[in-house]
Number of protein chains: 2
Amino acid sequence: MNVQDANSTAELSTPRRGKREQIVQAAVKTFLEHGYAGTSMNKVAEAAGVIKATIYSHFKDKQQLFIAIIEEMTIKKVAIDFTNPEPILSLEPDEFIDVLTGKFCVLMQDPEYHALFRLLVGESERFPELAEIYVRTVILRGMGLASKYFEVHKELNIEDPQAMAHICAGSFISLMVWQQVLGGKNIMTLEVGRVRETLKALLRGQRQP
Amino acid sequence: MNVQDANSTAELSTPRRGKREQIVQAAVKTFLEHGYAGTSMNKVAEAAGVIKATIYSHFKDKQQLFIAIIEEMTIKKVAIDFTNPEPILSLEPDEFIDVLTGKFCVLMQDPEYHALFRLLVGESERFPELAEIYVRTVILRGMGLASKYFEVHKELNIEDPQAMAHICAGSFISLMVWQQVLGGKNIMTLEVGRVRETLKALLRGQRQP
DNA sequence: GTCTATATCTAGATAGAC
DNA sequence: GTCTATCTAGATATAGAC
């Protein structure tokens, strides 16, 4: 019954990536969709097209599978968002806000990111290590970048660059939370562009020529 | 065996509030601690000191119990935070930010609120009605108040009061999320006061005397 | 490593006596 | 409404053949 055994070379419905990779992909999908407690090893096995025992030969138990999956995902998402360390520091303030907004819009349109956020927040008390990885790699890194900008650009007269970076980041991310994560985009109609322009105006106000 | 029957009048370990109230309190505690899927009717029954069947005589099933509990909790939390509609509109900008900050600090120090937030976010895809109630009653109401302030205070030259209100609220709430909900207060050391003062500075910059 | 088969437990939910 | 008792399904996890 199992035609695709061991080392067949060619094209198959779920191609030759090894069972482990199949399990990982299925686990990502299932955990993101149903949460930790809502995901059963049966569901994962079924979605992966393997038998349950196979999962246990690759991962010690459900917890370890979950941690491995989410940790990897969190780090992967960051890699996408923070690569190309373009010469951001040399931008004009308006351009800088535009770039920030652009990076944010990527997150805003990524349902997988929203699901990851739901999961990290929902499980943050039971899996604090994962929440910490997220804060470290996503939040602190993103804020560090913006913070550096406000620190360097003395003409903007920002007394507390870190707090200012937090205000920018917080404005955008909270918009994502209300509209996409919590699904309130129909009852809370505030466009990203309006936040962007208001931030620009605030920065102009600080400027002393 | 059940000494505290029907209409006894006096002091008992879990006093005379009726089984329903016992169930509600136990359910709140258990759901907040273990999440929806992580909570079993057995756990709730045990925590409430009743037998499982008793729960089913008050609530149709687990979903209905969950919805009833969370809906009530969400609304109750708002009641606390938005009562006393003090004459906020007549405050000076700095005072206004101080009041906002004060209200926010209450949330910042309320572990039950953080747990509720975790639950609402974590279950927002499976219980969108609850997420919507939260956005409507907490977020939109809070922002509406701030938005009105910026609308009225023309001297602040805020072109988009709604966006500005969102920036203020988003700065504060995202701080709560990183530090309390996700537990990152040790790796992300930004005090509320610094955000508060930076917001004040930004408003001063907009002002045209 | 991968499967078959199974052990063990706990889940949500209900029937029926009182 | 509340309890005892129980049904049935599905959970995590493993033993043992290949």
Side-chain angles (χ1 to χ4, degrees), chain A residues 1-9 12-27 29-31 33-70 123 126-127, chain B residues 1-9 12-31 33-70 122-123 126-127:
Chain A
M1 28 192 82
N2 213 351
V3 194
Q4 74 251 52
D5 245 324
N7 286 329
S8 71
T9 44
L12 290 156
S13 66
T14 309
R16 198 62 294 109
R17 263 168 297 107
K19 304 269 179 186
R20 190 192 171 95
E21 183 63 15
Q22 287 172 237
I23 294 169
V24 167
Q25 291 198 358
K29 186 179 180 308
T30 314
F31 277 126
E33 191 173 337
H34 300 100
Y36 177 73
T39 292
S40 71
M41 297 299 258
N42 287 325
K43 277 187 199 151
V44 175
E46 194 186 4
V50 301
I51 208 72
K52 217 181 354 175
T54 305
I55 302 180
Y56 283 97
S57 72
H58 284 274
F59 299 91
K60 183 178 161 288
D61 57 16
K62 191 183 169 185
Q63 282 204 25
Q64 295 308 309
L65 173 62
F66 182 69
I67 291 174
I69 298 300
I70 300 300
E123 299 298 333
R126 286 172 289 275
F127 295 91
Chain B
M1 28 193 80
N2 215 353
V3 193
Q4 74 253 51
D5 245 323
N7 286 329
S8 71
T9 43
L12 290 158
S13 67
T14 308
R16 194 71 287 113
R17 263 167 297 108
K19 304 271 180 183
R20 190 192 170 97
E21 184 62 16
Q22 287 173 235
I23 294 169
V24 167
Q25 291 197 0
V28 165
K29 187 180 179 308
T30 314
F31 277 126
E33 191 173 336
H34 300 100
Y36 178 74
T39 292
S40 70
M41 298 299 259
N42 288 324
K43 278 186 199 153
V44 176
E46 194 185 4
V50 300
I51 209 71
K52 213 179 2 174
T54 305
I55 302 180
Y56 282 97
S57 73
H58 285 274
F59 299 91
K60 184 178 159 286
D61 56 16
K62 191 183 169 185
Q63 281 203 25
Q64 296 309 309
L65 173 61
F66 182 69
I67 291 174
I69 297 299
I70 300 301
E123 299 298 334
R126 285 172 289 275
F127 294 91

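Worth knowing before you read on, the calculation uses all heavy atoms, side chains too, and leaves out hydrogens, waters and symmetry mates. Chain A is the first sequence line, chain B the second, and so forth, proteins listed ahead of strands; every chain is numbered from 1.
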Would you mind reading off the distance between [X] atom [atom1] and [N] atom [atom2], rounded to a whole angstrom?
| X | N | atom1 | atom2 | value |
| --- | --- | --- | --- | --- |
| B:Q64 | C:dG12 | CD | P | 15 Å |
| B:I51 | C:dC18 | CD1 | C1' | 15 Å |
| B:M41 | D:dA9 | CE | C1' | 16 Å |
| B:F66 | C:dG12 | CZ | P | 13 Å |
| A:E46 | D:dA11 | CD | P | 10 Å |
| B:I55 | C:dA11 | CD1 | P | 12 Å |
| B:R20 | D:dT2 | CZ | P | 11 Å |
| A:K43 | D:dA9 | NZ | C1' | 13 Å |

For [N], take OP1 and OP2 only and decide whether either is under 4.0 Å from a side-chain N or O of [X].
| X | N | value |
| --- | --- | --- |
| B:K60 | C:dA13 | no |
| A:T54 | C:dC3 | yes |
| B:K19 | D:dC3 | yes |
| B:Y56 | C:dT14 | no |

Specify the closest pair of heavy atoms between A:G38 and B:A37, including all atoms of both residues, with the distance to one decimal.
-> N-CB, 3.7 Å
Heavy-atom closest pair, residues A:Y36 and A:K62 =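 Closest approach of A:Y36 to A:K62: O-NZ, 3.0 Å.
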For atom CD of A:E46, decide whether the heavy atoms of other residues, nucleotides or ligands shown that lie under 6.0 angstrom number more than 12.
->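 Open.
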Indicate, with a heavy-atom threshold strictly under 4.0 Å, whether A:S40 touches base, sugar-phosphate, or nothing.
->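 Touches sugar-phosphate only.
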Tell me what A:N42 touches on the nucleic acid: a base, only sugar-phosphate, or nothing, going by heavy atoms under 4.0 Å.
->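 Here A:N42 touches the bases of the nucleic acid.
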What's the closest nucleotide to the side chain of [X] if the choices are [options]?
| X | options | result |
| --- | --- | --- |
| B:K52 | C:dA13, C:dG1, D:dA15 | C:dA13 |
| A:A53 | C:dT2, C:dT4, D:dT2 | C:dT4 |
| B:K62 | D:dT12, C:dG12, C:dT2 | C:dG12 |

Taking only residues at least two apart or on different chains, which pairs with a member in residues 33-44 of chain A satisfy salt bridge (charged side-chain N to carboxylate O under 4.0 Å, His left out)?
->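 Sorted result for residues 33-44 of chain A: A:K29-A:E33.
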Are B:F66 and B:T39 close enough that some pair of their side-chain heavy atoms sits under 4.5 Å apart?
->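 Contact flag for B:F66/B:T39 side chains = no.
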